[in-house]
Amino acid sequence: MTSMAANMTALTAPDFDLESTLGCGQVFHWVREGAGWLGAVGDAALFLEQRDGQVFVSAGGEKIAARYLALDHPLAEICATFPDDPAMAEAARFCRGMRIVRQPAWECVATFITSSMKQVAHIAQISHTLRRRFGARLEWNGRELFAYPTPKALAQLSEADLRACALGFRAKNLLGAARMIAEGAVDLAKVAQLDDAAARAALCRLPGVGEKVANCALLFGFERVRAFPIDVWIERVLRELYFKRKRKLTTQRLREFSAEYFGPYGGYAQQYLFHHARKTWPRGRGKG
DNA sequence: CTCCAGGTTCCGG
DNA sequence: CCGGAACATGGA
């Protein structure tokens, strides 16, 4: 079957790369379908495909896709703000066209709560299990897919229900977060109105959300393109590329450096460095 | 079998 | 503020 049979429309998408945008580890539930990708944005099922320099989307999803994929981000301007160093330049070249998407806030926060000490493949697996068991059923062209479960849907479950989805110790955190949001103890719509620091503090009130997960949520779910999550990969990158033979280097110092050095689009710089390192560095480099 | 994964939290210096 | 340890699960 060709994708044209599914009634697709083209988007205006210059300087855009779908493959790296969906596959760089900022979002985990998209699955390859034919020559494209099938996934959900909130409760909207979307099929996306890039060929001949154009991006096609299943009919009806044009506006949602354009916003989600951040096709309005001025990528050339963004890259021009990156610090002028060899490592950054190489990552930017490697990630040409990759964009930071605009994920629905809750599923972004929730997904990263389940991400701690998990490989990307596991995070995806957990997302799919949660969606299939507790999310709304969606459909595209005869294919079944699922929306991420709402806070309310998760809040009424037991910790055992979530542990049965291979969440391990993250079950308690996801459940606690879902309940706080379902009860209104934390209001993500209000968080979106706060400045970066206040929004980060508000997110950190949720169980299982610390500095790193909060920054991922801010970057991928709240359009805070300056947020700079520091995970094991980025820590390796920073130590290796910017602090080569520095013996003592506290996490505090790394935070200060990255917040300052990478500028107003630090989140973009971070994701480019992350993706490049993950795809080109041997596993475990820089650990000893 | 051992090691480690897009961390957070708690606890003693 | 800093370093350690516990916390679950599965793939390499």
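In the text below, chain A, chain B and the rest are named by the order of the sequence lines, each starting its count at 1.
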TODO: Between B/dG6 and C/dC2, how far apart are the P atoms? Round to whole Å, please.
DONE: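 Going atom to atom, P in each nucleotide, I get 25 Å.
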TODO: Using a cut-off of strictly less than 4.0 Å, decide whether A/T250 has a side-chain nitrogen or oxygen near OP1 or OP2 of C/dC2.
DONE: yes
Open item on the list: Regarding A/G208, tell me which of base, sugar-phosphate or nothing describes its non-hydrogen contacts under 4.0 Å with the strands shown.
Closed with: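 Touches sugar-phosphate only.
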Open item on the list: Under 4.0 Å, counting only non-hydrogen atoms across every strand here, what does A/R170 touch: a base, just sugar-phosphate, or nothing?
Closed with: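 Base, at least one base atom sits under 4.0 Å.
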With the side chain of [X] defined as its heavy atoms from C-beta on, choose the nearest nucleotide among [options].
X: A/F220; options: B/dG6, B/dG7, C/dG11; result: B/dG6
X: A/A166; options: C/dG11, B/dG7, C/dT9; result: C/dT9
X: A/M117; options: B/dA5, B/dG6, C/dG11; result: B/dA5
X: A/R163; options: B/dG7, C/dA8, B/dG6; result: C/dA8

Open item on the list: If stacking means aromatic ring centre less than 5.5 angstrom from the base's six-membered ring centre, planes under 30°, is A/F274 stacked on B/dG6?
Closed with: yes
Rounding to an integer number of Å, can you tell me how far [X] [atom1] sits from [N] [atom2]?
X: A/F169; N: C/dA5; atom1: CZ; atom2: C1'; value: 13 Å
X: A/K118; N: C/dA12; atom1: NZ; atom2: P; value: 13 Å
X: A/H122; N: C/dG11; atom1: NE2; atom2: C1'; value: 5 Å
X: A/F228; N: B/dG7; atom1: CZ; atom2: C1'; value: 17 Å
X: A/E159; N: C/dT9; atom1: CD; atom2: P; value: 11 Å
X: A/I126; N: B/dA5; atom1: CD1; atom2: P; value: 16 Å
X: A/L162; N: C/dA8; atom1: CG; atom2: C1'; value: 14 Å
X: A/Q125; N: C/dG11; atom1: CD; atom2: P; value: 6 Å

Open item on the list: Check this for me: does the side-chain of A/E235 come within 3.5 Å of the base of B/dG6 through a donor and an acceptor?
Closed with: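 Side chain to base: no pair present.
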TODO: Return yes if the base of B/dT8 and the side-chain atoms of A/K212 contain a donor-acceptor N/O pair under 3.5 Å, otherwise no.
DONE: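 A donor-acceptor contact between them is absent.
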Task: Aromatic A/W233 / basic A/R236 pairing, under 6.0 angstrom, 45° off normal - done: yes
Task: Six-ring centre of A/F56, A/R51 cation under 6.0 angstrom, axis tolerance 45° - done: yes
Open item on the list: Is there a side chain to side chain contact (heavy atoms under 4.5 Å, CB included) between A/L249 and A/L254? Walk through the geometry before answering.
Closed with: CA-CA 7 Å; A/L249 191 57; A/L254 282 178; 3.6 Å; yes
Task: Charged N-O contact under 4.0 Å between A/D72 and A/R102 - done: yes
TODO: Without swapping roles, check the side chain of A/R131 against the backbone of A/F146 for a donor-acceptor pair under 3.5 Å.
DONE: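 Here the side-chain-to-backbone pair exists.
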